[in-house]
Amino acid sequence: MSKVAFITGVTGQDGGHLAGLLLGKGYRVVGMVRGQMEPSHPRYRQIQEDLPGVELVLADLLDPAALVRALSTVRPDEVYNLAAISHVGYSFHNPVLTHQVTGGGVLNMLEAIRAAGLADTARFYQASTSEMFGGLDYNRPSQGYDETALFHPRSPYGVAKLYGHWITCNYRESYGMHASSGILFNHEGERRGPEFVTRKISQAAARISLGKQHVLELGNLSAKRDWGYAGDYVEGMWLMLQQDEPGDYVLGTGEAHTIREFCGLAFAEVGIELEWRGEGPDETGVNRASGTTVIRVNPAFFRPAEVDILLADPSKAERVLGWKRRVDFSGLVKLMVAHDLEVERAGVRG
Ligand code: NAP
Ligand code: G4F
């Protein structure tokens, strides 16, 4: 009998990578989708074409009864809760919804597992985040955040995720559930949504090199992130649920780079050498060969509170899970730009 996995957020970046990984391991994979369309609707054709074999079930993190129905029918061995409002900037504009979905949604999932009678058998993964650390000076960004570092979230998203993290720990301690929390640093790739900075840059580099776009507008260029490849991180999620005991694990690379550095590598991939001129909101990225401005700052993308630096110390995951990232920073930029060049040349969005 093959194992059964239930993935919320299957239409997202990580959901796609994880579904592919689990199908490859012989799992029966059921992905939860929301919205008013039936799972057979063409909107979901992309998942089904991309990952044939993923079954879809209709429910929403905000609808507890629908979650109980879905879980009672599927009766999974492993539940991966990846669904969330996941964009930090958006969470400042819609904090109440973020609190309900990204925070309260975790509680709805845990309660639904109990109500479906699966608390003793199903293993649970919660998608926690490095945004819970926040990155203030009195914390310890220079040595990297591990599982014992202090939390100090800096956005409604980070605060909601912290609730999700602690309620997962609480259900593990209260009901003995095999509930694990992956504290994941930024991970990117060809499935990343274009609203996140790395994909916005890789798409723009491809489009500008092909003459389809002139300028890329960005916010804070000096923020540093610990960026890895999403394909490596879903392997870590799976490993967490294969352990005898549940636990919390940081996944990251141990290297942090600025948005400026990401831009420099991405534009170099399409043959544009960038020169940075000016400072603050007047800073621009200029094509050194042509003298044309290809990047400028738009303060509309600044956040009310910023996380200046995120740096991981993933040594527990490396030691206990045997997890190791395979793709490094320059490899990540290369694969994203190569993908977007192919998509833009073919004239379809992907
Ligand atoms: P993503 O691409 O933004 O995907 C989010 C998913 O959540 C989508 O499938 C979305 O479905 C679903 N969703 C949103 N609201 C929902 C609701 N009310 N009910 C059911 N589903 C809902 O996110 P991701 O990058 O794959 O990240 C996966 C998870 O890891 C998220 O929880 C994120 O916060 C967390 N995380 C991500 C990173 C990272 O760097 N990627 C790092 C740390 C933690 P629709 O298609 O219907 O919108
Ligand atoms: O790509 P971002 O929007 O990702 P952010 O805020 O780090 O959040 C991502 O990673 C978290 C893990 O640490 C996840 F939990 C979360 O779900 C999400 O996947 O922004 C990265 C940095 C920020 O400092 C932002 O201010 O890039 C800066 N930035 C500069 N210009 C921009 C832009 N971010 C976006 N989205 N768009 C810009 O134009």
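Indexing begins at 1, ligand by ligand and atom by atom, following the structure's order.
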For [X], atoms of ligand 2 separated by under 4.0 Å from a heavy atom:
{"X": "Gly219", "value": "30 (C), 31 (N), 33 (C), 39 (O)"}
{"X": "Ser130", "value": "12 (C), 13 (O)"}
{"X": "Thr129", "value": "11 (C), 12 (C), 13 (O), 14 (C), 15 (F)"}
{"X": "Phe196", "value": "1 (O), 3 (O), 18 (C), 19 (O), 36 (N)"}
{"X": "Phe301", "value": "39 (O)"}
{"X": "Ala223", "value": "24 (O)"}
{"X": "Ser86", "value": "16 (C), 17 (O), 18 (C)"}
{"X": "Val88", "value": "6 (O), 8 (O)"}

Exercise. Donor-acceptor pair, Thr8 side chain versus Ala83 backbone, under 3.5 Å?
Worked result: yes
Problem set entry | Asp232 backbone acceptor or donor facing Trp323 side chain under 3.5 Å | yes
Identify, for [atom], the protein heavy atom at the shortest distance, and state residue, atom and that distance.
{"atom": "atom 23 (C) of ligand 2", "answer": "Arg225 NH2, 3.5 Å"}
{"atom": "atom 36 (N) of ligand 2", "answer": "Glu195 O, 3.0 Å"}
{"atom": "atom 32 (C) of ligand 2", "answer": "Val197 CG2, 3.5 Å"}
{"atom": "atom 39 (O) of ligand 2", "answer": "Lys200 NZ, 2.7 Å"}
{"atom": "atom 26 (O) of ligand 2", "answer": "Glu306 OE2, 2.6 Å"}
{"atom": "atom 5 (P) of ligand 2", "answer": "Asn186 ND2, 3.7 Å"}
{"atom": "atom 27 (O) of ligand 2", "answer": "Ile259 CD1, 3.2 Å"}
{"atom": "atom 19 (O) of ligand 2", "answer": "Arg192 NH2, 2.9 Å"}

Exercise. Would you call the rings of His187 and Tyr233 parallel, tilted or perpendicular if under 30° counts as parallel and over 60° as perpendicular?
Worked result: parallel
Exercise. Any idea how Phe133 and Phe151 line up, ring-wise: parallel (<30°), tilted (30 to 60°), or perpendicular (>60°)?
Worked result: parallel
Are side-chain N/O atoms of [X] and [Y] paired as donor and acceptor at under 3.5 Å?
{"X": "Asn287", "Y": "Thr292", "answer": "no"}
{"X": "Tyr27", "Y": "Trp238", "answer": "yes"}
{"X": "Tyr90", "Y": "Glu195", "answer": "no"}

Exercise. Nearest to atom 6 (O) of ligand 2 by heavy atom, His87, Arg260, Arg303: which?
Worked result: Arg303
Seminar exercise, completed: atom 30 (C) of ligand 2: of Leu184, Leu218, Val307, Asn220, the nearest heavy atom sits on Asn220
For this session: Just jot down the side-chain contact (heavy atoms from CB on, under 4.5 Å) partners of His257, sequence neighbours excluded, or say none.
Result: Trp227, Glu255, Glu261, Phe329
For this session: Let me see the working for Arg345 and Glu342 under salt bridge (Lys or Arg N to Asp or Glu O under 4.0 Å), right down to the final yes or no.
Result: CA-CA 5 Å; Arg345 284 194 181 116; Glu342 200 180 313; over 6 Å; no
Exercise. Which value, rounded to the nearest 0.5 Å, describes the distance between His339 atom NE2 and Gln203 atom CD?
Worked result: 8.0 Å
Over 12 foreign heavy atoms within 6.0 Å of [atom1], [X]:
{"X": "Asp120", "atom1": "CG", "answer": "no"}
{"X": "Glu245", "atom1": "CD", "answer": "no"}
{"X": "Arg260", "atom1": "CZ", "answer": "yes"}
{"X": "His99", "atom1": "NE2", "answer": "no"}

Problem set entry | Contact check, Tyr157 vs ligand 2, heavy-atom distance below 4.0 Å | yes
Seminar exercise, completed: Contacts satisfying ring-ring contact (aromatic ring centres under 6.0 Å, His included) that involve residues 33-86 (not counting sequence neighbours) are none
For this session: Measure Leu310 to ligand 2 on non-hydrogen atoms and call it side chain, backbone, both or neither using the 4.0 Å cut-off.
Result: side chain
Problem set entry | Under the salt bridge (charged side-chain N to carboxylate O under 4.0 Å, His left out) test, residues paired with Asp248 that sit two or more places apart | Arg172
Exercise. Can you pull the residues with any heavy atom under 4.0 Å from ligand 1?
Worked result: Gly9, Thr11, Gly12, Gln13, Asp14, Met32, Arg34, Arg43, Asp60, Leu61, Leu82, Ala83, Ala84, Ser86, Val101, Ala127, Ser128, Thr129, Tyr157, Lys161, Leu184, Phe185, Asn186, His187, Arg192
